[in-house]
Each structure stands twice: as C-alpha cells, then as structure tokens.
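Quick note: residue numbers are just sequence positions, from 1.
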Amino acid sequence: MEPVPELACPIAPVVDLVFSRWTTPILWTLNQYGRQRFVELERRIGTITPKVLTQRLRQLERDGLITRTYHPEVPPRVEYEISELGRSLAPIFHNLAEWSKRNLTQVDEARLRYDGTN
C-alpha cells in the first residue's frame, strides 16, 4: 500500500495549489492592486513570460482563485481579479510576509554558518 501524501501532510494539496513558482506573485499582486489587465500584471510581476502568465492565469481561473472578465469592445479588454476564494488566502499571505520580515535574516545567517562549516 502506497502512502497518501495528504495524510502525511494535510496542507500538501494547498501548498501545491497556491505556492507554485508564479501563482503566489499573481495572487499577491491581484490582492494588493485589485482588478488588472494582462499587461499590468505582467509589468508588476516583472520576470514572468507572457506564455507562463497566460498558463498560470488559466489555471487560477480553473481553480476558482481568480475571475476573468471579458469586455467585448474594440479593442477587446480582459481584466483579472482575485475571487472571494482567492481573497480568503490573504491572511495566510499576510502571516507569511510577517514571518519573512521577522525571520529571513536569521535564515541568511544560518546559511552562512552552514556554508562556512561544510
């Protein structure tokens, strides 16, 4: 019988869903700045390629974490917004941001000590 990862760590599915390479910056940006067009997201995130941004936005829409609104005008306009489900992750992101502020210096120091002895 194979072990079931969700039993070993019940948050594993959430980590896979939310904390992938580009998902977190997209959700963070939409939560911070509200509804945005593709180019705005791309500019704010910086190093993401258009292809990857498109893939991640589609996945986030499929997962229910963002909404996509198409405006049939000339030229067509598409806007992305964090959904209520996505917004419910805000406290987790806030806690992680606070942890980061308080502890990343200690992580850097631990790495330097480790690297100096190995």
Side-chain angles (χ1 to χ4, degrees):
M1 180 183 226
E2 289 210 22
V4 180
E6 290 81 12
L7 296 179
C9 180
I11 67 166
V14 176
V15 170
D16 289 344
L17 177 72
V18 176
F19 297 105
S20 69
R21 171 77 171 105
W22 293 110
T23 300
T24 308
I26 292 168
L27 290 174
W28 179 274
T29 302
L30 288 173
N31 190 61
Q32 285 291 108
Y33 299 101
R35 181 182 309 129
Q36 294 177 63
R37 295 175 75 171
F38 186 93
V39 292
E40 293 171 307
L41 271 171
E42 187 179 28
R43 192 174 336 109
R44 284 203 164 104
I45 294 170
T47 55
I48 193 169
T49 66
K51 178 184 175 185
V52 172
L53 181 56
T54 298
Q55 291 170 339
R56 294 283 60 200
L57 288 169
R58 286 180 182 156
Q59 185 64 50
L60 288 167
E61 183 180 9
R62 180 177 180 256
D63 293 337
L65 298 176
I66 67 168
T67 58
R68 177 182 179 272
T69 305
Y70 174 80
H71 300 278
E73 49 194 45
V74 179
R77 182 170 48 103
V78 177
E79 295 177 316
Y80 298 91
E81 188 171 12
I82 195 164
S83 68
E84 282 302 313
L85 182 61
R87 203 177 327 283
S88 71
L89 294 165
I92 295 168
F93 288 152
H94 174 76
N95 287 339
L96 286 171
E98 288 300 313
W99 187 92
S100 177
K101 283 184 217 171
R102 286 192 309 272
N103 297 297
L104 279 186
T105 301
Q106 293 175 49
V107 171
D108 288 338
E109 290 167 359
R111 288 175 177 168
L112 288 172
R113 282 193 305 275
Y114 180 89
D115 293 345
T117 61
N118 290 319

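Each of Thr47, Leu53, Thr49 was compared with Trp22 under the side chain to side chain contact (heavy atoms under 4.5 Å, CB included) criterion, and only Thr47 meets it. Considering Arg87, Glu40, Gln36 in turn, Gln36 is the only one that fulfils the side chain to side chain contact (heavy atoms under 4.5 Å, CB included) rule with Leu30.
In the model, Arg56 has a side-chain atom that pairs as donor or acceptor with a side-chain atom of Thr23 under 3.5 Å.
Ion pairing of Lys101 with Glu98 is present here, as a side-chain N (NZ or NE/NH1/NH2) and a carboxylate O approach within less than 4.0 Å.
Counting heavy-atom neighbours within 6.0 Å of Tyr114 OH, excluding the residue itself, gives a total of 12 or less. In this structure, Arg68 places its CZ atom where more than 12 heavy-atom neighbours from other residues, nucleotides or ligands lie under 6.0 Å away. Counting non-hydrogen atoms of neighbouring residues, nucleotides and ligands closer than 6.0 angstrom, the CZ atom of Arg102 exceeds 12 such neighbours. Within 6.0 Å of atom CZ in Phe19, more than 12 heavy atoms from other residues, nucleotides or ligands are found, so the atom counts as buried in its surroundings.
Annotation: side chain of Ile82 is not in contact with side chain of Leu65 (no heavy-atom distance under 4.5 Å). Between Val18 and Ile92 the shortest side-chain heavy-atom distance does not fall below 4.5 Å. Contact check for Leu104 versus Trp99: side-chain heavy atoms found under the 4.5 Å cut-off. You'll find the side chain of Tyr80 stays beyond 4.5 Å of the side chain of Ile26, heavy atoms only.
Of the possible polar contacts, none joining the Ser100 side chain to the Leu96 backbone as a donor-acceptor pair under 3.5 Å is found.
Note: Glu81 CD to Thr69 OG1 = 6.5 Å, rounded to the nearest 0.5 Å.
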